[in-house]
Amino acid sequence: MTNMGDEVPQFYTCNCFTTDNIFLEDYKLHVRFESDQQFRQDYQPLLMRLGCVTDQQFEDVLNKEAYVTPKLKQIVQYCRSSLASEEGLLEFLEKEAAPRVYRFPVFEKSFCEALVEELEHFEQSSAPKGRPNTMNHYGILLNELGFDESFITPLREQYLHPLTSLLFPDCGGHYLDSHKAFVVKYDMNEDLDLSYHYDNAEVTLNVSLGKEFTEGNLYFGDMRQVPVNETECTEVEHRVTEGLLHRGQHMHGALPISQGQRWNLIIWMRASPERNKLCPMCNRKPSLVVGEGFADGFTKHSEASCVLT
């Protein structure tokens with residue numbers, strides 16, 4: 001830990017951001033999106049005046065965030081509805097045998113392939129790179145590519161926050177206000193697996209990006225407070241383009257791949273109101289240390305904050 005001063009970034013969020021703060025860069029316009037029908041009714045005349053005059057141009061606007069699957073858009077639309085409930089949301093999700101671990105399609109396959117290609121270019125470049133965490137030796141911190149503001153933050157706020165608010169209200173799912181996002185790589189000549197651990201997060205999303213690989217499933221035990229000798233683990237298949245959403249303090253690991261190469265996108269989502277009370281890694285009252293960017297999600301809103309390295 002390194003002391004850097006007295007100021008820690010303070011993170012705040014408003015529920016309206018998930019629908020009201022989408023920016024269409026081509027037309028310099030902030031819009032609200034709840035459904036295709038609502039968007040057409042509210043914005044098509046205005047967009048036509050701004051130069052979006054053909055059907056194809058308007059479809060391009062609707063598909064601007066086509067990196068996420070139609071299924072995820074449908075799930076989020078339900079979560080934003082006045083009738084949304086946890087019970088109703090579960091009908092849209094594939095529930096795993098491990099408790100409170102949920103699966104849903106996140107990215108289109110073409111996007112996964114393009115993202116992995118971009119990551120490989122960065123990996124092979126001479127640019128300085130940090131390790132994603134203390135356990136994975138091979139991977140990339142997405143903020144080093146400038147992906148936080150343009151990609152991960154909108155994904156967390158517009159798509160993931162509506163789900164976590166319903167699924168994990170007891171562990172900060174309604175107050176997620178920062179994150180750490182990284183990609184890890186498993187390869188026959190590098191890391192093959194990942195040991196049993198818990199995350200520095202309130203809620204974690206783990207998406208399999210590819211490439212071709214065999215085996216390497218995840219496995220889940222119990223919450224970290226439960227002794228290992230009292231725990232039975234459940235194996236969960238990891239499928240390309242799909243994400244597994246779970247509590248950060250839920251113990252888990254990755255079994256070794258037996259062939260090929262696998263890339264995973266991990267988003268550790270943090271809720272400062274939760275972690276300001278108790279550091280999830282040292283299990284003590286946080287002590288103030290300043291960090292860059294989102295740091296580890298602590299804020300000065302409580303009596304003390306801390307950053308873990």
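In this chain, residues are counted from 1 in sequence order.
- If you take OH on Y198 and CG on N200, they are separated by 9.0 Å, rounding to the nearest 0.5 Å.
- Heavy-atom contacts from other residues, nucleotides or ligands closer than 6.0 Å to CD of E149 number 12 or fewer.
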Check your understanding: Can you check ring pair (Phe, Tyr, Trp, His ring centres under 6.0 Å) on H252 and Y219, steps first, answer last?
Key -> CA-CA 5 Å; H252 60 284; Y219 60 95; 8.4 Å; no
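- Applying the side-chain hydrogen bond (donor to acceptor under 3.5 Å, both in side chains) test to H238 and every residue at least two apart in sequence or in another chain returns N206, N264.
- Salt bridge annotation for K71-E108: absent, with no cationic side-chain nitrogen under 4.0 angstrom from a carboxylate oxygen.
- Of all heavy-atom pairs spanning G297 and S272, the tightest one is O-CB, 3.2 Å.
- Note: F151 and Y67 have perpendicular aromatic rings, judged against thresholds of 30 and 60 degrees for the angle between ring planes.
- Within 6.0 Å of the CE atom in M223, the count of heavy atoms belonging to other residues, nucleotides or ligands exceeds 12.
- In summary, the side chains of T231 and D222 do not present any donor paired with an acceptor at a separation below 3.5 Å, with no hydrogens or angles considered.
- For residues 178-187, the pairs satisfying salt bridge (Lys or Arg N to Asp or Glu O under 4.0 Å) are E123-K185, K185-E190, with sequence neighbours left out.
- Across all non-hydrogen atoms, the minimal contact from S258 to T214 is OG-OG1, 2.8 Å.
- Taking 4.0 Å as the cut-off between side-chain N and carboxylate O, R156 and D148 do not count as a salt-bridged pair.
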